[in-house]
Amino acid sequence: MTDFPEPAPLASHGPAKVIAMCNQKGGVGKTTTTISLAGALAEYGRKVLVVDFDPQGGLTAGLGMMSHEGDTIYELLIGTARDIRQVIKPTKVEGIHLIPANIDLSAAEVQLINEVARENILASVLKPILDEYDVIFIDCQPSLGLLTVNALTAAHGVLIPLACEYFALRGVALLLDTIEKVTARTNPIIQIDGIIPTMYDPRTLHSKEVLDTLHHNLGDKVLNSVIHRTVKFPDSTIAGAPITTFAPDHAAAHAYRALARELIARGKIA
Ligand SMILES: Nc1ncnc2c1ncn2[C@@H]1O[C@H](COP(=O)(O)OP(=O)(O)OP(=O)(O)O)[C@@H](O)[C@H]1O
Ligand SMILES: [Mg+2]
């Protein structure tokens with residue numbers, strides 16, 4: 001596996017690269033990748049904002065904010081909260097800020113249907129703070145509905161975590177098709193920044209087969225950094241901290257640092 005160089009520190013911050021973490025298949029590592037990559041990038045001195053865009057609130061909980069009270073991404077979307085800076089919360093990890101979500105967000109999908117320019121609402125919400133961060137991750141829910149289309153419309157790039165399991169590729173065509181439609185209709189500049197193989201188990205033949213198939217079908221879209229399956233991730237979720245601070249010396253933390261270096265070296269993130 002290629003190793004990518006240690007990134008130089010940034011002399012100044014922003015404007016942010018906005019990246020949607022997207023796969024309509026559930027449980028493939030979107031939220032874990034959002035938290036862990038944010039942790040690794042923060043270690044490299046990047047200012048990171050993570051946006052919980054899933055009514056299940058897994059990102060919010062995974063950063064240690066259980067049962068969030070107060071305004072969330074939902075109030076920003078429907079316009080009852082107007083100052084995004086009051087909704088952004090610092091986290092226990094220096095360099096990572098969070099826009100939380102809770103179950104209220106599940107109503108937004110229906111409520112926004114009749115809005116003018118309904119696909120562009122998240123993009124407008126994020127606009128005032130773009131200059132304050134180096135990267136903004138939007139952790140999508142496992143669906144291709146209006147919220148996810150909002151995330152894709154607000155984003156410069158998409159990262160697609162993909163679990164190395166049977167049927168991993170099932171559904172990818174539909175996701176790529178959705179991204180193509182977004183490119184044509186609401187966001188001509190969006191790029192696929194990469195597919196991240198997750199839950200790789202080197203002890204099984206089928207993990208290797210899935211990875212080979214991925215490379216064969218999706219070629220250079222597949223990133224070099226592969227995230228192995230380990231129970232450290234569920235543990236760090238329970239602890240409410242990124243793997244990079246929960247188990248900084250574990251191979252899983254190193255894997256996400258390698259992914260951060262790869263994305264910087266490839267020019268996907270500053
Ligand atoms: N590399 C990994 N090895 C083992 N377990 C993992 C790994 N990555 C994530 N997990 C665990 O798998 C479960 C699903 O991961 P995660 O919540 O990140 O997926 P998701 O794609 O965000 O799911 P959803 O679609 O429901 O939002 C979690 O319990 C998480 O701790
Ligand atoms: Mg999730």
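Read the numbers this way: they start at 1 and go in the same order the structure lists the ligands and their atoms.
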Side-chain heavy atoms of [X] within contact of [Y], under 4.5 Å:
{"X": "I138", "Y": "L152", "result": "no"}
{"X": "V28", "Y": "L162", "result": "no"}
{"X": "Q24", "Y": "L175", "result": "yes"}
{"X": "I196", "Y": "L259", "result": "yes"}
{"X": "D193", "Y": "Q191", "result": "yes"}

* Protein heavy atom under 4.0 angstrom of atom 31 (O) of ligand 1, is there one? ->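 There is a protein heavy atom less than 4.0 Å from atom 31 (O) of ligand 1.
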
* Can you check whether a protein heavy atom sits less than 4.0 angstrom from atom 28 (C) of ligand 1? ->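 Not a single protein heavy atom is under 4.0 Å away.
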
* To do: May I ask whether T198 places a heavy atom under 4.0 Å from ligand 1?
  =>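 For ligand 1, residue contact (heavy atoms, under 4.0 Å) with T198 is absent.
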
* To do: Determine whether the side chain, the backbone, both or neither of Q56 has a heavy atom under 4.0 Å from any heavy atom of ligand 1.
  =>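 It is neither; nothing of Q56 touches ligand 1.
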
* **D54, portion touching ligand 1 at heavy-atom distance under 4.0 Å** =>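 For D54, only side-chain atoms sit under 4.0 Å from ligand 1.
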
Taking [atom] as the reference point, the nearest protein heavy atom with its distance:
{"atom": "atom 2 (C) of ligand 1", "result": "F233 CD1, 3.3 Å"}
{"atom": "atom 17 (O) of ligand 1", "result": "T31 CB, 3.9 Å"}
{"atom": "atom 1 (N) of ligand 1", "result": "H228 O, 2.9 Å"}
{"atom": "atom 24 (P) of ligand 1", "result": "G27 N, 3.5 Å"}
{"atom": "atom 3 (N) of ligand 1", "result": "T230 N, 3.0 Å"}
{"atom": "atom 8 (N) of ligand 1", "result": "M199 CE, 3.6 Å"}

When you compare ligand 1 with [X], is there at least one nitrogen or oxygen pair between them that comes in under 3.5 angstrom?
{"X": "K30", "result": "yes"}
{"X": "G29", "result": "yes"}
{"X": "T32", "result": "yes"}
{"X": "G26", "result": "no"}

Using a 4.0 Å cutoff against the non-hydrogen atoms of [X], which atoms of ligand 1 qualify?
{"X": "I227", "answer": "1 (N)"}
{"X": "T237", "answer": "31 (O)"}
{"X": "V28", "answer": "19 (O), 20 (P), 21 (O)"}

* Could you tell me whether any N, O or S atom belonging to T34 is less than 2.8 Å from the Mg ion (ligand 2)? =>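 Under 2.8 Å: T34 has no N, O or S contact with the Mg ion (ligand 2).
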
* Distance-minimising heavy-atom pair for A168 and A163 ->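 Scanning both residues completely, I find the closest heavy atoms to be CB-O, 3.0 Å.
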
* To do: Check whether the side chains of R261 and Y44 place a donor and an acceptor atom closer than 3.5 Å, and report yes or no.
  =>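 Side chains of R261 and Y44: pair found under 3.5 Å.
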
* Does D54 come within less than 4.0 Å of K30, counting only side-chain N to carboxylate O? ->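 So D54 does not pair with K30 through a salt bridge.
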
* Looking at K208 and D212, does any basic side-chain N land under 4.0 Å from a carboxylate oxygen? ->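 No, K208 and D212 are not salt-bridged.
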
* **Test applied, side-chain hydrogen bond (donor to acceptor under 3.5 Å, both in side chains); reference residue, E132; option that passes from H13, K47, R85** =>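 Option passing the side-chain hydrogen bond (donor to acceptor under 3.5 Å, both in side chains) with E132: R85.
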
* To do: Assign the ring pair Y166 / H206 to parallel, tilted or perpendicular, where the plane angle (0 to 90°) is split at 30° and 60°.
  =>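 The arrangement is parallel - the two ring planes meet at less than 30°.
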
* Asked: Is T186 reaching over with its side chain to a backbone N or O of T153, donor-acceptor style, under 3.5 angstrom?
  ->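 Pair absent, no side-chain N/O of T186 close to backbone of T153.
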
